[in-house]
Participant: 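Have a look at this one.
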Number of protein chains: 2
Amino acid sequence: MGPLASYLPYLLNRAGARIATAFGEEMRPLGATLQIWRVLAALREQDGQRMGDLSSTTSIDVSTLTRLVDNMEKKGLVARQRDPEDARAVVLNVTPAGRRLTVRILPIAERYEKVALQGFDPAEAEQLKAALRRLYANMDGLKKPPPNKPHGRRG
Amino acid sequence: MGPLASYLPYLLNRAGARIATAFGEEMRPLGATLQIWRVLAALREQDGQRMGDLSSTTSIDVSTLTRLVDNMEKKGLVARQRDPEDARAVVLNVTPAGRRLTVRILPIAERYEKVALQGFDPAEAEQLKAALRRLYANMDGLKKPPPNKPHGRRG
DNA sequence: AGATGATAATTGCATTTGCAAATATAGCAC
DNA sequence: GTGCTATATTTGCAAATGCAATTATCATCT
């Protein structure tokens with residue numbers, strides 16, 4: 001492997017960590033955290049998501065998410081509800097307080113997007129985003145294939 | 001803010017998380033972790049770094065790093081040494097075992113780079129990396145300015 | 001040399017994290 | 001409808017994390 005500075009996962013982590021840390025600091029005075037924001041942002045995109053969906057869209061492990069949502073519920077930001085279509089599932093809804101907090105965070109989020117992309121022209125910015133989506137999709141290939149059960153061995 | 005899928009920090013985190021999780025899983029059978037790899041990779045780039053430098057290059061908080069290095073020392077992967085130039089500082093050196101582990105991980109790391117960049121032509125890949133470096137640099141602007149001490153008020 | 005303020009690393013401590021196991025429900029086969 | 005397997009969420013638990021405080025050394029000023 002060549003120098004670190006040209007290793008993609010390194011560059012990715014480094015950039016992500018820097019944004020995350022800075023953003024997290026800005027959340028504190030609002031009584032929020034980066035993870036709380038992620039959930040709120042996901043629910044703003046689409047309210048009433050299940051835990052599992054939310055876990056995928058936020059990249060937060062579902063067991064971590066359970067406890068994060070516990071907190072958010074205590075803070076009155078979201079409300080859990082059993083999914084009427086499937087009693088195993090839980091559906092999350094944002095409360096008015098949650099919406100108010102979201103509205104307060106939005107301008108910060110927009111500022112971050114701007115700062116991060118300082119000096120990028122619109123085409124470059126779009127290119128970067130497209131590349132990140134592609135990269136994400138590429139990693140699908142590494143997802144564990146379902147464990148090959150030697151049960152009804154007619155493979 | 002528009003849809004999540006066009007929010008840069010979101011895309012960044014999502015891509016990074018996916019690589020990190022998958023890579024972490026591959027580390028387990030080797031008795032390593034993603035963070036251990038980060039330290040080893042940083043030291044491979046430049047052995048004998050101080051804790052603080054290592055913290056910057058790996059994006060691992062220095063207090064976390066202290067304990068991570070404790071573990072790595074127990075595993076015999078690295079050795080701490082007081083910096084002869086500055087007795088406050090500690091310098092890390094990779095041991096032979098650390099080098100051996102590094103060598104075992106390298107091909108995995110290279111595979112990840114390849115998979116992540118599947119379908120990117122070299123120019124596109126370089127563009128992406130350049131963009132990530134730029135983004136990282138852009139975030140410098142948000143680092144807290146040193147608290148303006150009203151002490152020797154001759155500013 | 002002594003005092004003062006900065007820098008490097010570690011430690012205390014409460015929180016967060018994530019794997020594995022447990023629980024609950026669904027859906028299909030028979 | 002009973003049994004079996006798959007899916008959705010939660011819980012147990014040990015480990016990782018990060019902020020704040022602490023300790024040790026350095027650098028500068030006088």
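Labels below follow one simple rule: chain letters A, B, ... track the order of the sequence lines, proteins then strands, and each chain is numbered from 1.
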Participant: Please give me every residue in residues 84-92 of chain B whose heavy atoms get under 4.0 Å of an atom in DNA chain C, ordered by residue number.
Facilitator: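 Within residues 84-92 of chain B, the residues near DNA chain C are R88(B), A89(B), V90(B).
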Participant: With sequence neighbours excluded, tell me which residues meet side chain to side chain donor-acceptor pair (under 3.5 Å) with Q49(B).
Facilitator: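 Counting only residues at least two positions away or on another chain, Q49(B) forms no side chain to side chain donor-acceptor pair (under 3.5 Å).
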Participant: Under the rule for salt bridge (Lys or Arg N to Asp or Glu O under 4.0 Å), what residues qualify as partners of E110(A), not counting sequence neighbours?
Facilitator: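 E110(A) satisfies salt bridge (Lys or Arg N to Asp or Glu O under 4.0 Å) with no residue once adjacent residues are dropped.
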Participant: Mind listing the N/O atom pairs, protein and nucleotides 1-4 of chain D, below 3.5 Å?
Facilitator:
none

Participant: Between R88(B) and D83(B), is there a salt bridge with N-O shorter than 4.0 Å?
Facilitator: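 No, D83(B) and R88(B) are not salt-bridged.
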Participant: Answer yes or no: does a side-chain N or O of R80(B) lie under 4.0 Å from OP1 or OP2 of dA9(C)?
Facilitator: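 No, outside the criterion.
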Participant: For R82(B), which contact category applies under a 4.0 Å heavy-atom criterion: base, sugar-phosphate, or nothing?
Facilitator: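 Counting heavy atoms under 4.0 Å across all strands, no contact is made by R82(B).
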Participant: Tell me, which pairs form a side-chain hydrogen bond (donor to acceptor under 3.5 Å, both in side chains) where one or both residues lie in residues 95-106 of chain A, sequence neighbours left out?
Facilitator: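 As it turns out, there is no side-chain hydrogen bond (donor to acceptor under 3.5 Å, both in side chains) pair with a partner in residues 95-106 of chain A once direct neighbours are skipped.
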Participant: Going by side-chain contact (heavy atoms from CB on, under 4.5 Å), name the residues that satisfy it together with K114(B), two or more places apart in sequence or in a different chain.
Facilitator: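 Listed in chain order: nothing, the list is empty.
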Participant: What donor-acceptor contacts under 3.5 angstrom involve side-chain atoms of residues 29-37 of chain A, with partners at least two apart or in another chain?
Facilitator:
| unit_1 | atom_1 | unit_2 | atom_2 | d |
| --- | --- | --- | --- | --- |
| T33(A) | OG1 | Q35(A) | N | 3.4 |
| T33(A) | OG1 | I36(A) | N | 3.1 |
| Q35(A) | OE1 | R38(A) | NH1 | 2.8 |

Participant: By side-chain contact (heavy atoms from CB on, under 4.5 Å), which residues pair with E124(A), not counting sequence neighbours?
Facilitator: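 Here the qualifying residues are F120(A), D121(A), R134(B).
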Participant: Can you give one letter per nucleotide of nucleotides 11-18 of chain C, 5' to 3': B if a protein heavy atom sits under 4.0 Å from the base, S if only from the sugar-phosphate, - if neither?
Facilitator: BBB--SSB
Participant: For residues 51-67 of chain A, which residue pairs pass the salt bridge (charged side-chain N to carboxylate O under 4.0 Å, His left out) check, not counting sequence neighbours?
Facilitator: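 As it turns out, there is no salt bridge (charged side-chain N to carboxylate O under 4.0 Å, His left out) pair with a partner in residues 51-67 of chain A once direct neighbours are skipped.
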Participant: Determine all donor-acceptor pairs shorter than 3.5 Å in which one atom belongs to a side chain in residues 5-17 of chain A; sequence neighbours excluded.
Facilitator:
| unit_1 | atom_1 | unit_2 | atom_2 | d |
| --- | --- | --- | --- | --- |
| S6(A) | OG | P3(A) | O | 3.1 |
| Y7(A) | OH | A109(B) | O | 3.0 |
| Y10(A) | OH | T57(B) | O | 3.1 |

Participant: Using the side-chain contact (heavy atoms from CB on, under 4.5 Å) criterion, which residues pair with V90(A)? Sequence neighbours excluded.
Facilitator: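 Here the qualifying residues are M51(A), R80(A), R82(A).
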